[in-house]
Q: 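Just passing along the structure, written as structure tokens.
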Amino acid sequence: MLTFRFITKIAATLIVGAVSLAMLVPIVLTVTGSLMTEQEIMRNYHALGQMLNTSQGGADTFVNLKILPDWLSFEQFLQVLILSPQYLRMFWNSAALVLPIVVGQTVVAALAAYAFAKLRFFGRDGLFLVYLITMLMPFQVTLVPNYIVLDKLGLMNHESAIILPGIFGAFGVFMMRQFMAHIPNGYIESARIDGAGLFTIFLRIIVPLAKPGLAALTVLLFIDNWNMIEQPLIFLEDSVKQPLSLYLAQINQDARGIGFAASALYMAPAVLVFLYAESYFVEGIQLSGMKG
């Protein structure tokens, strides 16, 4: 039995390692490609494109795809950060859109989840079911109603058309409600006996105990909204107001070096946020997925 468990553990480790390695390959190629010269990138990926075209024709060919650059080059980063003001402008556009959404939805989700998890009122379960239904609907289903409402409110081509729907998203409410449901009711009852009100209980008991869930929610919201494409593409007609996620799709194919550098810089904020809140993120995901 011990031998079987050992073999199973080794097999599981190898599978997880292989999957992790496969997922890291695009990230590694992006980072190393950003440190190559434009000429080296053209030689490397032009040969890869020829291999793919030849393979579709039925011929057998092989290309030695280079991962490490021959010489480190920071010229692409110089062009993106210094010589291309459009990148920095769209970077701050993304920050101006994402930060209010993350902060706003975290606050709204915490308050709503507190009500759904710990307060009793008429229609609580039915209202939470509505939240679940809206969360399961893809963006394309609610696109037309959202467009009509935002147009009637005069918010089209304004940052509020992205921020307001993002603040009141249903995912945060669902996740935090699952997390807060595991907070013992004895803490709340003790606070009520001591004369604490609803908001005092929320601020001094619920919020400190829900920090792992709030950290996990913050990371997920940041990554999701940092990568949003459809909302700004539809609701922001002015290219000056569009976020950085749309910039990557507009880079000329002849400037692959700039594309690699811009992509590497684009990944950095999400990676830093995840690394900063990694321990809270893992704990929050585990507890929010438990059954009550």
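If you're wondering where the values come from, they're calculated on a predicted model, not measured in any experiment.
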Q: Checking E40 now: which residues fulfil salt bridge (charged side-chain N to carboxylate O under 4.0 Å, His left out) with it, not counting sequence neighbours?
A: K66
Q: With the side chain counted from C-beta on, respond yes when L97 and M228 share a heavy-atom pair under 4.5 Å apart, and no when they do not.
A: yes
Q: Please report the interatomic distance CE(M180) to CZ(F202), rounded to the nearest 0.5 Å.
A: 5.5 Å
Q: For T30 and M267, what are the C-alpha separation, side-chain angles and deciding distance, and is it a side chain to side chain contact (heavy atoms under 4.5 Å, CB included)?
A: CA-CA 10 Å; T30 300; M267 293 188 300; 3.9 Å; yes
Q: Tell me whether L136 is reachable from V130 by hopping between hydrophobic residues (I, L, V, M, F, W, Y) whose side-chain heavy atoms are closer than 4.5 Å.
A: no
Q: When you compare the side chain of S73 with that of L35, does any pair of heavy atoms fall below 4.5 Å?
A: no
Q: Hydrophobic clustering (ILVMFWY, side-chain heavy atoms < 4.5 Å, transitive) - are L220 and F274 grouped together?
A: yes
Q: How far does CG of L198 sit from CG of L203, to the nearest 0.5 angstrom?
A: 11.0 Å
Q: Would you confirm whether D151, through its side chain, and M156, through its main-chain N or O, come within 3.5 Å as a donor-acceptor pair?
A: no
Q: I need the minimum non-hydrogen distance between L29 and T32, along with the two atoms involved.
A: O-OG1, 3.3 Å
Q: Going by the angle between their ring planes, with limits at 30° and 60°, are F116 and F121 parallel, tilted or perpendicular?
A: tilted
Q: Sub-3.5 Å donor-acceptor pair from the side chain of N157 to the main-chain atoms of E237, do we have one?
A: yes
Q: What distance separates I201 CD1 from S190 OG, expressed to the nearest 0.5 Å?
A: 10.0 Å
Q: Answer whether the closest heavy-atom distance between the side chains of M176 and T106 falls below 4.5 Å.
A: no
Q: Using a 4.5 Å cut-off on heavy atoms from C-beta on, say whether the side chain of I206 contacts that of I188.
A: yes
Q: Check this for me: F139, atom CZ, are more than 12 non-hydrogen atoms of other residues, nucleotides or ligands nearer than 6.0 Å?
A: yes
Q: For Q242 and L236, indicate whether the former's side chain and the latter's backbone hold a donor-acceptor pair under 3.5 Å.
A: yes
Q: Keeping H182 on the side-chain end and Q178 on the backbone end, is there a donor-acceptor pair under 3.5 Å?
A: yes
Q: For the hydrophobic clusters of this structure (ILVMFWY residues joined by side-chain heavy atoms under 4.5 Å, transitively), does one cluster hold both V207 and L209?
A: yes
Q: For the residue pair M135 and A170, what are the closest heavy atoms and their distance?
A: CB-CB, 3.9 Å
Q: Distance-only, no hydrogens or angles: does the D194 side chain make a donor-acceptor pair with backbone N or O of A196 under 3.5 Å?
A: no
Q: With sequence neighbours excluded, what pairs up with F77 under the ring-ring contact (aromatic ring centres under 6.0 Å, His included) test?
A: none
Q: Which heavy atom of V173 sits nearest to which heavy atom of A109, and what is that distance?
A: N-CB, 3.6 Å
Q: Which pair of non-hydrogen atoms, one from S239 and one from R89, has the smallest distance, and what is that distance?
A: O-NH2, 4.3 Å
Q: Check whether any side-chain heavy atom of L214 lies under 4.5 Å from a side-chain heavy atom of F179, and answer yes or no.
A: no
Q: Specify the closest pair of heavy atoms between I229 and S245, including all atoms of both residues, with the distance to one decimal.
A: CD1-O, 3.4 Å
Q: Within this structure, what is the CD1-CZ distance for the pair I101 and F168, rounded to the nearest 0.5 Å?
A: 11.5 Å
Q: Hydrophobic clusters here meaning ILVMFWY residues chained together by side-chain heavy-atom distances under 4.5 Å, can you tell me if L265 and L72 are in one?
A: yes
Q: Which heavy-atom pair separates P100 from I163 by the least distance, and what is that distance?
A: CB-CG2, 3.9 Å
Q: Checking Q76 side chain against A261 main chain: does a donor-acceptor pair fall under 3.5 Å?
A: no
Q: Can you confirm whether L244 sits close enough to Y247 that some side-chain heavy atom of one is under 4.5 Å from a side-chain heavy atom of the other?
A: yes
Q: When rounded to the nearest 0.5 angstrom, what is the spacing between CD in E230 and CZ in F235?
A: 9.5 Å
Q: Can you check side chain to side chain contact (heavy atoms under 4.5 Å, CB included) on F174 and F128, steps first, answer last?
A: CA-CA 8 Å; F174 168 75; F128 184 69; 3.8 Å; yes
Q: Do D224 and F171 touch side chain to side chain, with heavy atoms closer than 4.5 Å?
A: no
Q: Nearest 0.5 Å, what's the CD1-CG distance between I234 and L143?
A: 4.5 Å
Q: Tell me which pairs pass side-chain hydrogen bond (donor to acceptor under 3.5 Å, both in side chains) where either residue lies in residues 111-132, with sequence neighbours left out.
A: K118-N185
Q: Does F222 reach the side chain of P269, with side-chain heavy atoms less than 4.5 Å apart?
A: yes
Q: Are I82 and V80 connected, step by step, through hydrophobic side chains (Ile, Leu, Val, Met, Phe, Trp, Tyr) whose heavy atoms are closer than 4.5 Å?
A: yes
